[in-house]
Amino acid sequence: MSRALIIVDVQNDFCEGGSLAVKGGADVAGAISEYVDAHHGQFDHIVATQDWHIEPGAHFAESPDFIDSWPPHCVAGTRGAELHPDLDTEYIQAFFRKGQFTAAYSGFEGILAPEDAVPTGDRKPGALPLPEDAEPFTASSFADEDAIGLDDWLQSHDVEDVVIVGIATDYCVMATALDAVQAGYSVTVVRNLTAGIAADLDDAYAEMELGGVDLA
């Protein structure tokens with residue numbers, strides 16, 4: 001049995017100074033790095049997820065309700081989508097990007113990013129580098145039958161036990177954890193290595209526990 005650590009959406013836009021900042025996000029980035037440095041030997045694999053929005057439709061809104069719609073954030077190729085600088089990526093083996101053309105909260109909706117596809121943060125929002133004669137990105141651009149999802153990757157590495165940390169506790173962390181349970185993994189969320197949007201996270205914790213997630 002293999003054990004994996006899943007680091008969820010520790011990106012600039014979800015930390016202080018970002019367009020959809022979660023209080024404590026930067027501290028969590030640093031705390032996860034310290035945890036990984038001290039405990040990486042306890043995991044066979046370490047992966048990370050990223051919101052990676054290109055044209056997510058109604059997920060973005062000028063007047064968001066902060067339930068189903070949000071201010072623009074983590075636009076593909078921008079600094080906001082980049083991993084927070086306090087998150088040490090030394091031990092991360094794979095990155096899974098989600099939400100290109102729709103809302104996506106769970107890391108299990110993500111697809112494996114190419115090894116050389118590293119966001120630099122030096123482009124204008126929404127401006128992906130394309131040749132002048134290239135076709136624009138569309139949803140069909142990502143409908144590759146050979147695309148590898150998070151569940152595919154974990155299964156191919158014989159992972160049965162996952163530990164989940166990251167941002168935000170009550171949205172993408174919870175969605176990833178509940179999907180992991182549904183996919184058949186033993187799942188633990190480390191509470192002090194997450195940051196949440198709600199001031200009171202008791203409901204999120206209760207929903208995760210009810211769904212079969214262990215809290216540590």
Side-chain angles (χ1 to χ4, degrees), residues 1-11 14 28-29 32-33 35-54 56 74 76-77 81-84 87-119 128 137-169 171-190 193-194 208 211-216:
M1 180 183 78
S2 293
R3 189 171 188 239
L5 177 68
I6 302 174
I7 302 171
V8 176
D9 296 5
V10 182
Q11 297 167 262
F14 294 141
V28 160
I32 291 172
S33 294
Y35 176 82
V36 171
D37 187 54
H39 300 285
H40 63 88
Q42 298 176 13
F43 298 96
D44 301 286
H45 307 286
I46 299 176
V47 302
T49 71
Q50 291 173 277
D51 254 12
W52 195 251
H53 296 307
I54 295 174
C74 298
E82 197 174 353
L83 296 169
H84 192 276
L87 179 68
D88 187 349
T89 61
E90 177 182 358
Y91 297 103
I92 298 175
Q93 296 170 254
F95 299 88
F96 294 85
R97 293 174 173 171
K98 56 188 174 67
Q100 286 86 348
F101 294 95
T102 187
Y105 296 96
S106 170
F108 284 84
E109 298 176 81
I111 59 174
L112 181 66
E115 290 185 8
D116 60 350
V118 179
L128 290 176
F137 279 119
T138 65
S140 62
S141 306
F142 290 83
D144 184 351
E145 291 182 0
D146 296 324
I148 299 172
L150 178 56
D151 188 35
D152 300 323
W153 194 94
L154 294 173
Q155 288 190 40
S156 72
H157 290 79
D158 299 318
V159 172
E160 295 182 15
D161 182 15
V162 299
V163 175
I164 299 173
V165 300
I167 306 170
T169 315
Y171 282 88
C172 294
V173 169
M174 181 168 69
T176 301
L178 292 174
D179 275 359
V181 171
Q182 289 298 311
Y185 299 95
S186 174
V187 183
T188 301
V189 168
V190 183
L193 295 179
T194 69
M208 283 190 276
V213 177
D214 292 328
L215 300 179

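Small disclaimer: the values here were computed from a predicted structure and weren't measured.
Remark: side-chain polar atoms of Thr49 are not paired, donor with acceptor, to backbone N or O of Phe96 under 3.5 angstrom. Checked by atom type and distance alone, the side chain of His45 never pairs as donor or acceptor with a backbone atom of Ala4 at under 3.5 Å. In this structure, Gln11 contributes its side chain and Asp51 its backbone to a donor-acceptor pair below 3.5 Å.
Within the 4.5 Å cutoff, side-chain heavy atoms of Val47 are placed close to those of Leu150. Between Lys98 and Cys172, the closest side-chain pair of non-hydrogen atoms falls below 4.5 Å. At a threshold of 4.5 Å between non-hydrogen side-chain atoms, the residues Asp37 and Asp88 do not count as touching. Counting heavy atoms from C-beta on, the side chains of Leu87 and Ser33 come closer than 4.5 Å.
Under the ring pair (Phe, Tyr, Trp, His ring centres under 6.0 Å) criterion, His84 pairs with no residue, sequence neighbours left out. With sequence neighbours excluded, the residues satisfying side-chain hydrogen bond (donor to acceptor under 3.5 Å, both in side chains) with Tyr105 are Trp70. Contacts of Asp44 classified as side-chain contact (heavy atoms from CB on, under 4.5 Å), with partners at least two apart in sequence or in another chain: Ser2, Arg3. For Tyr35, the ring pair (Phe, Tyr, Trp, His ring centres under 6.0 Å) partners at least two apart in sequence or on another chain are His39. Remark: Asp179 pairs with Ser106, Phe108 by the side-chain contact (heavy atoms from CB on, under 4.5 Å) rule, at least two apart or across chains. For the side-chain contact (heavy atoms from CB on, under 4.5 Å) test, residues two or more places apart in sequence or in another chain that qualify with Ile46 are Leu5, Ile7, Val36, His40, Phe43, Tyr91, Ile92.
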